[in-house]
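For reference, the structure discussed in these notes is given below.
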Protein chains: 2
Amino acid sequence: MKLITKNSDYAIRAISYLSGKKKPAAVSEMSRELKIPGPFLRKILQILNAEGILSSNRGKNGGFTIAVPPDKIRLTDIMLIFQEPIKPGECLIKKNPCPELGNCLLRSRLNSIKMMVERELYSITLDTLIER
Amino acid sequence: MKLITKNSDYAIRAISYLSGKKKPAAVSEMSRELKIPGPFLRKILQILNAEGILSSNRGKNGGFTIAVPPDKIRLTDIMLIFQEPIKPGECLIKKNPCPELGNCLLRSRLNSIKMMVERELYSITLDTLIER
DNA sequence: TTATAATGATACCAAGACAGTATCATTAGC
DNA sequence: GCTAATGATACTGTCTTGGTATCATTATAA
Ligand code: SF4
Ligand code: SF4
């Protein structure tokens with residue numbers, strides 16, 4: 001059972017790192033500091049920028065800054081950016097084209113677990129994840 | 001978020017199918033009935049047999065029968081056979097060799113969700129999944 | 001006793017997801 | 001105009017998942 005991917009994980013760590021900083025931080029710095037492969041981190045930051053969660057400055061002394069306060073960012077916000085969500089009707093099996101549509105007992109049990117998890121993830125905001 | 005794999009799903013459906021039957025059912029029959037690819041189902045049934053959950057008879061008129069009453073089989077029993085469990089300390093990320101060992105807040109939040117899910121899955125026995 | 005219908009054991013294979021690289025273009029500052 | 005940074009995007013390697021394929025063995029029934 002894997003809840004989050006590295007994409008999301010790295011994104012969260014990056015945002016945590018940026019929160020508090022006032023000056024833009026470059027990928028090179030963050031890569032070193034967070035021990036995340038540079039090019040990969042860069043791609044992630046670019047996406048976060050496109051989503052409006054970060055903002056970026058190009059050129060020398062450029063880098064990324066946080067654009068949304070962490071207490072306004074939910075864990076599910078990040079996950080939705082990097083991972084495919086499970087659509088409401090779907091089974092908890094990847095690509096679930098199952099003949100037993102409708103009234104599968106297993107499916108309904110799993111779905112209720114899924115909802116529990118989603119509620120829980122939704123309730124987590126990034127500010128509660130930052131170590132001080 | 002994928003909770004169970006097809007392996008497990010098929011195993012559960014197969015066990016459900018066998019419960020109630022007194023005579024052995026052959027793979028060919030079950031494959032047809034449950035709409036599961038024959039060779040794949042066969043492999044799964046062989047594993048369940050090796051685990052003692054089913055028993056098998058070779059030769060003509062052979063097939064598989066259920067060896068453990070469904071109310072004694074937990075969902076987690078099946079899942080443990082076909083899917084790697086998440087070991088206690090691990091992060092909810094596949095292959096989690098993360099530098100921030102120990103006190104990661106995200107990790108502890110995810111872990112508590114994991115425990116919730118596992119409790120839930122453990123509480124489900126196969127008899128409660130059989131449609132009547 | 002032999003043909004047949006079944007499982008046992010095991011090797012192989014294809015698609016997709018995931019994690020990460022590589023490149024070239026653009027922009028901003030000194 | 002050199003340099004340090006991001007923007008955009010294509011490419012790649014590896015692992016997992018969901019299967020196939022094959023050959024050996026066993027039990028039954030004609
Ligand atoms: S049998 Fe139920 S749990 Fe399995 S794939 Fe179909 S709907 Fe989902
Ligand atoms: S940062 Fe925390 S959640 Fe992410 S991989 Fe490391 S321990 Fe797990």
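In what follows, every heavy atom counts, from backbone to side chain, and hydrogens, waters and symmetry copies are set aside. Worth saying up front: this structure is predicted, and the values here are computed from it rather than measured.
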Walking DNA chain D from its 5' end, the first of B:Lys60 and B:Phe82 to be reached, judged by nearest nucleotide, is B:Phe82

Residue A:Ser28, side-chain heavy atoms: nucleotide from D:dA5, D:dG19, D:dG18 that is nearest: D:dA5

Take the protein atom CZ of B:Phe64 and the nucleotide atom C1' of C:dA5, then report the distance between them rounded to whole Å. 13 Å

Report yes or no: is there a donor-acceptor pair, N or O only, under 3.5 Å between the side chain of A:Arg42 and the base of D:dG7? yes

Which atom of B:Leu48 lies closest to which atom of B:Phe82, heavy atoms considered: CD2-CE1, 3.9 Å

B:Asn7 CG to D:dG19 C1', straight-line distance once rounded to whole Å: 10 Å

Lys/Arg-Asp/Glu bridge criterion (N-O < 4.0 Å) met for A:Lys23, A:Glu29: no

Determine the sole option in B:Ile130, B:Leu75, B:Leu126 for which the side-chain contact (heavy atoms from CB on, under 4.5 Å) test with A:Leu106 is passed. B:Leu75

Whole-Å distance between C:dA14 P and B:Lys6 NZ? 20 Å

Provide, to the nearest angstrom, the distance between the CD atom belonging to B:Gln46 and the P atom belonging to D:dA24. 16 Å

Hey, does the side chain of A:Ser56 come within less than 4.0 Å of D:dG7's phosphate (OP1/OP2), counting only N and O? yes

Without decimals, in angstroms, what is the distance between B:Leu41 CG and C:dA6 C1'? 14 Å

Can you see if the side chain of B:Tyr10 gets near the phosphate of D:dG19 - specifically, an N or O under 4.0 Å from OP1 or OP2? yes

Please state how far atom CZ in A:Arg58 lies from atom C1' in D:dT3, giving the value in whole angstrom units. 15 Å

At under 4.0 Å, does any side-chain N or O of A:Asn61 touch on OP1 or OP2 of C:dC30? yes

Picking from D:dG19, C:dA22, D:dT17, which would you name as closest to the side chain of B:Phe40? D:dG19

Is a side-chain N or O of A:Ser16 found less than 3.5 angstrom from the main chain of A:Ile12, in a donor-acceptor match? yes

Please determine whether a side-chain nitrogen or oxygen atom of B:Asn49 lies at a distance below 4.0 Å from atom OP1 or OP2 of C:dG8. yes

When you measure only distances, ignoring hydrogens and angles, does the side chain of B:Lys43 come within 3.5 Å of the base of D:dG19 through a donor and an acceptor? yes

Distance, rounded to the nearest Å, where A:Arg13 contributes CZ and C:dA19 contributes P: 13 Å

Heavy-atom count around A:Met116 CE within 6.0 Å, excluding the residue itself: above 12? yes

Measure from CG on B:Leu45 to P on C:dA9 and round the result to the nearest Å. 14 Å

